[in-house]
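Below: one structure, written as structure tokens.
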Amino acid sequence: RATAERGPTIKAVPELEKATVHMKNPEHVQRVISALRKEGTDKLQVISDFDMTLSRFGFNGRRCPTSHNILDNSRVISEEGRKKLKDLLHYYYPIEIDPNRTMEEKRPLMVEWWTRAHDVLLQQKILKSDIAKIVRESEVMLRDGVNTFFDQLHQHNIPLFIFSAGVGDVLEEVLRQAEVFYPNINVVSNYMDFDDKGVLRQFKGPLIHTYNKNNAVLKKTEHFQLLSSRTNVLLLGDSMGDLSMADGVANVENILTIGFLNDKVDERRGKYRDAYDIVLEKDETLDVVNGILCYIL
Ligand code: C5P
Ligand code: MG
């Protein structure tokens, strides 16, 4: 790789030399990182996806579960329910990540997937009091370096907005069990609604899926208004749909987007490199994110 175009800032973040790192425009990355460092912690906010961004995609050649999969694979789901959920995953996941279909084509199909999967979950009498055990018994794993990531943001009082199309109750519990669910974190996701006996009765709206993570589903949250002075954004995602997560931030001055390219790497490389400032190919760690934070904080 040509190092001539790597300015002093990029050299100051050794993690950017990792073989997993790809940048279409290193000079742009250089400029944004310098600006983030210069303008400091008061101006910064971090916006991140959860599943397959903060959580691991794979471990020892096996897929790790998403927050939905944590429920799908748990013992509270009947065998029939589990089969239905697996069939839905095998049908819709290839559509979700298909680089040859537009987001417009995918959107109605994602609504279908989430709606069908939630309907199956609603038939299972899931108890609120079971969630902690379900998470504890699952194979979920967070990315390597996750403690450094959460600790740095917490110590510097930097707001972390987790915008997830997964299941809010489940991902919060994952963070709680990892002891990283700090007060600087705000989650918007699909939350469960339990009846007075603590049984799941519906999902609270609006439904969030991979391709509507934007202002449209944030109408009711004042979150970004409260952070109006934080005009610098670090955005982390693993899907092309994650790039719109910062749309609700008014007056963005500097934004650095980092995309984890986990699956179908060869087929999706071109689109990811065009869309994300930094693409991390098959990188199960938060090393690069932590290296950048360490430099700018
Ligand atoms: O947190 P994030 O927005 O990444 O969560 C969405 C992910 O959950 C999607 O990438 C999708 O593959 C996965 N999913 C799932 N089961 C469903 C619906 C979505 O595993 N029923
Ligand atoms: Mg994701």
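One-based numbering, in listed order, for ligands and for the atoms of each.
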Taking the N/O/S atoms of D238 one by one, which is nearest to the Mg ion (ligand 2)?
OD1
When the aromatic ring centroids of F161 and F224 are compared, is their separation below 6.0 Å?
yes
If we ignore angles and hydrogens, is there a donor and acceptor under 3.5 Å between the side chains of N254 and N232?
yes
Can you get from I162 to L226 by hopping between Ile, Leu, Val, Met, Phe, Trp and Tyr side chains that sit under 4.5 Å apart?
no
State the atom name: nearest N, O or S atom of D49 to the Mg ion (ligand 2).
OD2
Does L71 share a hydrophobic cluster with F194, counting links as ILVMFWY side-chain heavy atoms below 4.5 Å and allowing steps through other members?
yes
Find out if a path of hydrophobic residues (ILVMFWY) with successive side-chain heavy-atom gaps under 4.5 Å connects Y272 to I97.
yes
Lys/Arg N to Asp/Glu carboxylate O, D49 vs K213, below 4.0 Å:
yes
Show the distances, to 0.1 Å, for all pairs joining an N/O atom of ligand 1 and a protein N/O atom that are shorter than 3.5 Å, listing one pair per line.
unit_1   : atom_1 : unit_2 : atom_2 : d
ligand 1 : 1 (O)  : D49    : OD1    : 3.0
ligand 1 : 1 (O)  : D51    : N      : 3.0
ligand 1 : 1 (O)  : D51    : OD2    : 2.9
ligand 1 : 1 (O)  : S164   : OG     : 2.8
ligand 1 : 3 (O)  : D49    : OD1    : 2.9
ligand 1 : 3 (O)  : A165   : N      : 2.8
ligand 1 : 3 (O)  : K213   : NZ     : 2.8
ligand 1 : 4 (O)  : D49    : OD1    : 2.8
ligand 1 : 4 (O)  : D49    : OD2    : 3.2
ligand 1 : 4 (O)  : D51    : O      : 3.2
ligand 1 : 5 (O)  : D51    : OD2    : 2.9
ligand 1 : 5 (O)  : G166   : N      : 3.4
ligand 1 : 10 (O) : E96    : OE2    : 2.8
ligand 1 : 12 (O) : E96    : OE1    : 2.6
ligand 1 : 20 (O) : T66    : OG1    : 2.7
ligand 1 : 20 (O) : N69    : ND2    : 3.1
ligand 1 : 21 (N) : W113   : NE1    : 3.3

The Mg ion (ligand 2) to nearest N/O/S of D51 less than 2.8 Å
yes
Taking the six-membered ring of Y182, is NZ or CZ of R176 closer than 6.0 Å to its centre and within 45° of its axis?
no
